[in-house]
Protein chains: 2
Amino acid sequence: MGQKRQIPAPSVERLCRYERCLAKAARSGMSRISSQELAALCGVTPEQVRKDLSHFGSFGRRGVGYDAAGLCEELRRILGLERKRRIAIVGIGNLGTALAGYAGFEARGFEVVGLYDNNPARVGHLVQGIRVRHIDQLATDNQRAQIDIVVLAVPESAAQAAAARVVAAGIKGILNFAPTRLKVPDHVVVRDVDMTAELECLSFWVAQAEED
Amino acid sequence: MGQKRQIPAPSVERLCRYERCLAKAARSGMSRISSQELAALCGVTPEQVRKDLSHFGSFGRRGVGYDAAGLCEELRRILGLERKRRIAIVGIGNLGTALAGYAGFEARGFEVVGLYDNNPARVGHLVQGIRVRHIDQLATDNQRAQIDIVVLAVPESAAQAAAARVVAAGIKGILNFAPTRLKVPDHVVVRDVDMTAELECLSFWVAQAEED
DNA sequence: CTGTGTGAATCAATTCACAGCT
DNA sequence: AGCTGTGAATTGATTCACACAG
């Protein structure tokens, strides 16, 4: 069932960038914007912008350009950001705690509605004004909390088991900070953020650049 | 200068995964490993593994497979991980503080050797046993600290200016957590970690999956 | 004349298929 | 026979170039 991939994933990633740049441009008073200008703001090419947008429809006027605020709104709709998305954080260690307090999420319309951990020593504590609950409660909580996405910030050793809990709770999206490839059913979407791997790649390219 | 990358970036990203899986396999007593087995552990195809490795040489024996520990060692050499890499964190807010205490970095051979901020209220504080210094001191500190990579955890509004400081200090790699495309000279390598964009992409794919 | 939208061409990455070592 | 290493084929993404609308 998970084979519907007519939209290239890199396009979707760029749409987020476009939306952010458009919002900023619109806020600073720009009403019309060309693919040229938008591309310059985002660090891509104008034809890339137009091609990416063309997967979803045609939003500009030939010879004129795009309405900055209008296109921004369209992108928010395409990305599913018109309604506030509800997220829960699973794993309230060092990283999870920081993420719970990360202002960037709220600022972009992601509301942290729950914090979960399996360590009894952490359950019950208040973190950023939210009480940490036991992961056992995730499934029942989700019936009324309607969690869209879980941010998984548990250690590698606990990641697969925690992911299984999340899937069992009926949650469809996981942002995974553990350095493991999670095995989940096709209808669940996972994106990985592997900070250590990023450092290792950097390490490689830096060394590579030195070889000249 | 940043001319030919004959090595595909996706291959490098996978090499990190291979290294991690190999280390785990070797630790658990496996001495020989086939591309088939390694691929299964990493969630890729065997020919992908072999093609990725082939960019750097030939490390296996036909009809036999690879020596797990030996290949792991080769990968560490390729990725530039034989020597400990020294990192500094710039921006000691919520996120920077969490990253300073993130055990995963040390565990993978990245040593946090400095914390920097431009906010006088934060300078001088001890965070994870390291005293926060003013970003003005980065350039002189780097002459003896030999920082390989900076983790940039400042707000979007401060990111470009902070990056300029990092570049001026002679540091060649930046792991950027701010949702901005940094403008840096060609000889400096940047990798972006945009957690909000990741959530937005998830939001899209989750909505997409629901359309059935 | 300007700037979008899009098929066609190019470039990059993945997968296939098989030759060659053990 | 078993498994690697690698050109060839294929799939996918980006760039080009131009028709078309304002």
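To find a chain, count down the sequence lines: A is the first, B the second, and so on, and within it residues start at 1.
Across the interface with DNA chain C, nearest-nucleotide mapping of B/Arg61 and A/Val64 shows A/Val64 to be the residue nearer the 5′ end. Nearest-nucleotide mapping onto DNA chain D: of A/His55 and B/Pro46, the residue sitting toward the 5' end is B/Pro46.
Side-chain proximity of B/Pro10 to C/dT15, C/dA13, D/dT15: nearest is C/dA13.
Remark: the B/Ser203 side chain and the B/Glu200 side chain contain no N/O donor-acceptor pair separated by less than 3.5 Å. No hydrogens or angles considered: a donor-acceptor pair under 3.5 Å links the side chains of A/Asp52 and A/Tyr18. Defined by atom type and a distance below 3.5 Å, a donor-acceptor pair is missing between the side-chain atoms of A/Tyr116 and A/Asp136.
Within 4.0 Å (heavy atoms only), A/Ser11 reaches no atom of the nucleic acid at all.
Following rounding to the nearest Å, A/Arg32 (CZ) and C/dG3 (P) show an atom-to-atom distance of 10 Å. Spacing between atom CZ of B/Phe56 and atom P of D/dT4 amounts to 18 Å, rounded to whole angstrom units. For the pair A/Asp52 CG and D/dT15 P, the computed distance is 10 Å after rounding to whole Å. Rounded to an integer number of Å, the gap from A/Ile7 CD1 to D/dT14 P is 13 Å. Atom C1' of nucleotide C/dA9 and atom CD of A/Glu47 are separated by 14 Å, given to the nearest angstrom. One interatomic measurement links the two molecules: CD of B/Gln48 to C1' of C/dA12, which rounds to 13 Å at whole-angstrom precision. Residue B/Leu15 contributes atom CG, which lies 14 Å from atom P of C/dA13 at whole-angstrom precision. Atom CG in B/Leu71 sits roughly 14 Å away from atom C1' in D/dG5 (whole-Å rounding).
In terms of phosphate contacts, A/Ser54 brings no side-chain nitrogen or oxygen within less than 4.0 Å of OP1 or OP2 of C/dG5. A sub-4.0 Å separation between OP1 or OP2 of D/dG2 and a side-chain N or O of B/Tyr66 is absent. Regarding contacts with the backbone of D/dT4, a side-chain N or O of B/Ser35 is found under 4.0 angstrom from either OP1 or OP2. Contact between the side-chain N/O atoms of B/Gln36 and the OP1/OP2 oxygens of D/dC3 is not found at any separation under 4.0 Å. Taking only side-chain nitrogens and oxygens, A/Arg50 comes nearer than 4.0 Å to OP1 or OP2 of C/dT4. An OP1 or OP2 oxygen of C/dT4 is reached within less than 4.0 angstrom by no side-chain nitrogen or oxygen of A/Ser58. Residue A/Arg14 has a polar side-chain atom (N or O) positioned under 4.0 Å from OP1 or OP2 of D/dT14.
Across every non-hydrogen atom of B/Arg165 and B/Leu138, the tightest pair is O-CD2, 4.4 Å.
Sparse packing is recorded around CD of A/Gln36, with 12 or fewer heavy atoms of other residues, nucleotides or ligands lying under 6.0 Å away.
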